[in-house]
Amino acid sequence: MEEVICNNTEHGNCGELNKEYIGKEVKLAGWIQKIRNLGAMTFIDLRDEFGITQIVINNNEKMQINKLTTEACISIEGKVIERSNKNEKLETGDVEVLVNKLQILGECEKVLPFEINTQQEVREDLRLEYRFLDLRNEKLHNNILLRSKILKTLRDKMDELNFTEIQTPILANSSPEGARDYLVPSRLNPGEFYALPQAPQQFKQLLMVSGFDKYYQIAPCFRDEDPRADRAPGEFYQLDFEMSFATQEEVFRVIEEVIPYTFKKFTNWKVDEGPFVRIPYKEAMEKYGIDKPDLRNPLIIQDVTKVFVNTEFNAFKDKTVKMIVVPDGAKQGRKFFDKMEEFAKTNEVGAKGLAWTKIDEEEQITGGISKFITQEVKQELEKKYGVKKNVAIFFIADEYLKAQKIAGLIRIELGKRLDLLEKEVYRFCFIVDFPMYELSDEGKIDFSHNPFSMPQGGLEELERRDPLEILAYQYDLVCNGYEMASGAVRNHSPEIMIKAFEIAGYTEEDIKQKFGALYNAFKYGTPPHAGAAPGVDRMIMLIADSQNIREIIAFPKNKKARDLLMRAPSEVSEQQLKDIHIK
């Protein structure tokens with residue numbers, strides 16, 4: 001042969017060929033994407049990870065054409081010639097290969113479970129069962145390649161910022177950190193269990209006690225939680241990092257350096273630059289009804305409870321009343337408002353109803369609860385809340401916290417249905433000043449976020465203030481309505497730790513038992529430290545513009561946390577159970 005295209009392999013890449021190779025002998029290998037048998041001549045689209053090349057077979061009988069099927073793996077040798085009918089959609093569309101030798105490397109079943117590179121919908125569980133085929137799909141395949149590039153970029157950037165990569169154990173101890181643990185029985189220690197770490201939280205803090213200045217790792221985390229479109233069941237990965245002698249703002253600066261850099265490298269969308277907007281938790285709940293607001297949505301929630309103190313509308317009496325004003329919303333017909341009310345009454349939202357009205361071009365109040373909007377109320381809405389003409393107004397009335405939540409969900413839905421979200425942009429913000437404690441469903445005081453966080457004001461605040469009023473140095477990074485990172489300035493004082501856990505109902509003995517390593521380590525010269533953990537899977541999902549986190553994971557579990565490819569979880573033998581002392 002005059003020349004063989006090589007790329008560190010014996011074969012060339014199907015995506016490399018162009019006019020420069022016309023007249024040269026080449027060797028390619030890949031999968032058959034399409035076969036067009038025209039009798040005397042057969043055309044095949046040969047695909048590998050790098051692209052597609054059209055190959056031409058003139059001698060069908062000699063080349064065993066009858067044995068070829070789509071998705072079979074083959075190797076060919078032949079001469080590159082110019083195509084008479086060029087394909088502008090292909091990088092290699094100017095040329096084709098006239099085959100003189102063909103070898104079948106791996107045969108394929110004639111009937112596939114599903115067509116791989118088509119737009120037709122395929123049931124997800126079937127795709128997951130045959131994930132090795134599903135991953136040949138160009139979009140999905142590229143998502144996994146993108147994931148690899150993003151992980152390398154994150155590592156390179158953290159190395160550039162002088163962070164040290166350190167691996168922490170996968171077999172760890174069970175500790176109460178917000179979700180159910182995955183437990184692993186010990187063969188050598190009968191009746192005792194390891195737990196897979198929900199996060200490397202205690203280890204990262206112990207590394208700071210150990211004198212490491214800045215730590216990071218792409219850490220696997222294991223939580224027995226219900227799956228969602230944006231949450232993979234069982235396991236996920238985060239860019240875990242911690243810094244000694246660091247403040248909240250110093251952690252923010254690292255995030256503002258790493259995250260926009262990574263996003264801009266892999267997208268042509270507009271990306272917010274640091275410093276990101278800081279929104280206190282209380283303000284976020286008031287304005288957006290949620291602690292992970294999508295800032296692409298221009299709608300704002302306003303509290304108008306005082307405006308309706310003397311209302312005759314029974315649904316508003318003795319309730320917190322929230323208002324969402326939709327500019328240019330007066331043009332919407334009755335059907336739109338009815339559909340929004342239906343949405344509000346779904347189990348997901350939980351509202352008893354959704355009150356609304358419109359102010360038209362002539363500034364007349366029409367529709368919905370217009371008869372309860374007196375001139376006095378209208379004037380107050382205009383004067384104090386900037387309500388103008390040509391708007392639709394939605395009111396949510398309920399108990400305070402429930403009204404916040406419902407209004408938040410209504411805001412999100414209005415943004416979607418009215419197509420109000422800013423396009424092709426990543427909007428970031430930090431939610432700060434989280435409450436240290438909250439009431440559980442049982443009415444018990446519990447940690448609202450991370451139990452290892454430093455309370456604002458330290459020990460003095462813990463001793464004198466109502467627990468539900470204490471704020472913590474806790475923060476979340478939010479992007480386009482998704483929580484993308486969580487972190488805190490850590491509590492590094494044994495005295496503060498004991499008091500903080502005491503308020504949540506734990507004794508010092510409980511701390512020694514559940515967090516013994518930290519409790520002990522904090523007595524030996526612990527530096528102040530802080531950190532965060534951006535979610536890698538969610539970051540990749542956003543950059544890939546995917547609505548489903550399973551689309552950026554090579555071998556994900558399904559909605560019931562089952563691995564349909566490897567058939568896990570599954571039953572095990574009696575002997576295996578006996579070995580780990582389980583009946």
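Just so it is clear, the values below take in all heavy atoms, side chains as well, and ignore hydrogens, waters and symmetry mates.
- For Ser244 and Asp213, the side-chain atoms include no donor-acceptor pair closer than 3.5 Å.
- A donor atom on one side chain and an acceptor atom on the other are found under 3.5 Å apart for Gln217 and Thr168.
- Judged by distance alone, with hydrogens and angles left aside, the side-chain atoms of Arg538 form a donor-acceptor pair with the main-chain N or O of Asp230 at under 3.5 Å.
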**Q.** Test salt bridge (Lys or Arg N to Asp or Glu O under 4.0 Å) applied to Arg136 and Glu71, step by step
**A.** CA-CA 9 Å; Arg136 294 184 189 178; Glu71 295 308 317; 2.9 Å; yes
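- The side-chain hydrogen bond (donor to acceptor under 3.5 Å, both in side chains) check on Lys152 picks up Asp156, with sequence neighbours excluded.
- Side-chain atoms of Arg131 come within 3.5 Å of backbone atoms of Ala554 as a donor-acceptor pair (strictly under, hydrogens ignored).
- Judged by the 6.0 Å distance and 45° axis criteria, Lys157 is positioned over the aromatic ring of Tyr261.
- Asp159 and Tyr216 share a donor-acceptor pair across their side chains, judged by distance under 3.5 Å alone.
- A donor-acceptor contact shorter than 3.5 Å links the side chain of Glu399 to the backbone of Leu401.
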Q. When you look at Glu235 and Lys557, which way does the salt bridge (Lys or Arg N to Asp or Glu O under 4.0 Å) test go after all the steps?
A. CA-CA 9 Å; Glu235 60 191 279; Lys557 294 170 180 59; 3.3 Å; yes
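- A donor-acceptor pair is defined here as one N or O able to donate and one able to accept, closer than 3.5 Å; such a pair exists between the side chain of Gln576 and the backbone of Ser573.
- Judged purely by atom type and a 3.5 angstrom limit, Lys204 has no side-chain atom pairing as donor or acceptor with the backbone of Gly531.
- Remark: side-chain polar atoms of Asp398 are not paired, donor with acceptor, to backbone N or O of Lys402 under 3.5 angstrom.
- For Phe252 and Phe276, the ring centers are positioned 6.0 Å apart or more.
- Checked against the 6.0 Å centroid threshold, Phe501 and Phe515 count as a close aromatic pair.
- Using a 4.5 Å heavy-atom cutoff, the side chains of Arg427 and Val478 are not in contact.
- A side-chain donor-acceptor contact under 3.5 Å links Asn142 to the backbone of Glu138.
- A side-chain donor-acceptor contact under 3.5 Å links Tyr426 to the backbone of Leu542.
- No side-chain donor-acceptor contact under 3.5 Å links Thr267 to the backbone of Phe263.
- With 3.5 Å as the limit, one finds a donor-acceptor pair spanning the side chains of Asp476 and His449.
- Residues Tyr400 and Gln404 have side chains that bring a donor and an acceptor to within less than 3.5 angstrom of each other.
- Within the structure, the side-chain hydrogen bond (donor to acceptor under 3.5 Å, both in side chains) test picks out the following pairs touching residues 452-467 (sequence neighbours left out): Asp433-Gln456, Ser453-Gln474, Glu461-Arg464, Glu461-Arg465, Arg465-Glu469.
- Heavy atoms only, all atoms of each residue included: Glu109 and Thr69 are closest at O-OG1, 4.3 Å.
- Two rings, from Tyr437 and Phe447, have their centers less than 6.0 Å apart.
- The only option from Gln205, His492, Lys214 that meets the side-chain hydrogen bond (donor to acceptor under 3.5 Å, both in side chains) definition with His529 turns out to be Gln205.
- In plain terms, the two heavy atoms of Ile74 and Ile104 that are nearest each other are CG2-CA, 4.2 Å.
- By the 4.5 Å heavy-atom criterion applied to side chains, Tyr519 and Ile498 are counted as neighbours.
- Between Tyr473 and Phe434, the distance from one ring center to the other does not fall under 6.0 angstrom.
- Side-chain atoms of Asp240 and Gln201 include no donor-acceptor pair closer than 3.5 Å.
- Side chain of Asn347 to main chain of Gly350: no donor-acceptor pair is present (N/O by atom type, distance under 3.5 Å, no hydrogens or angles).
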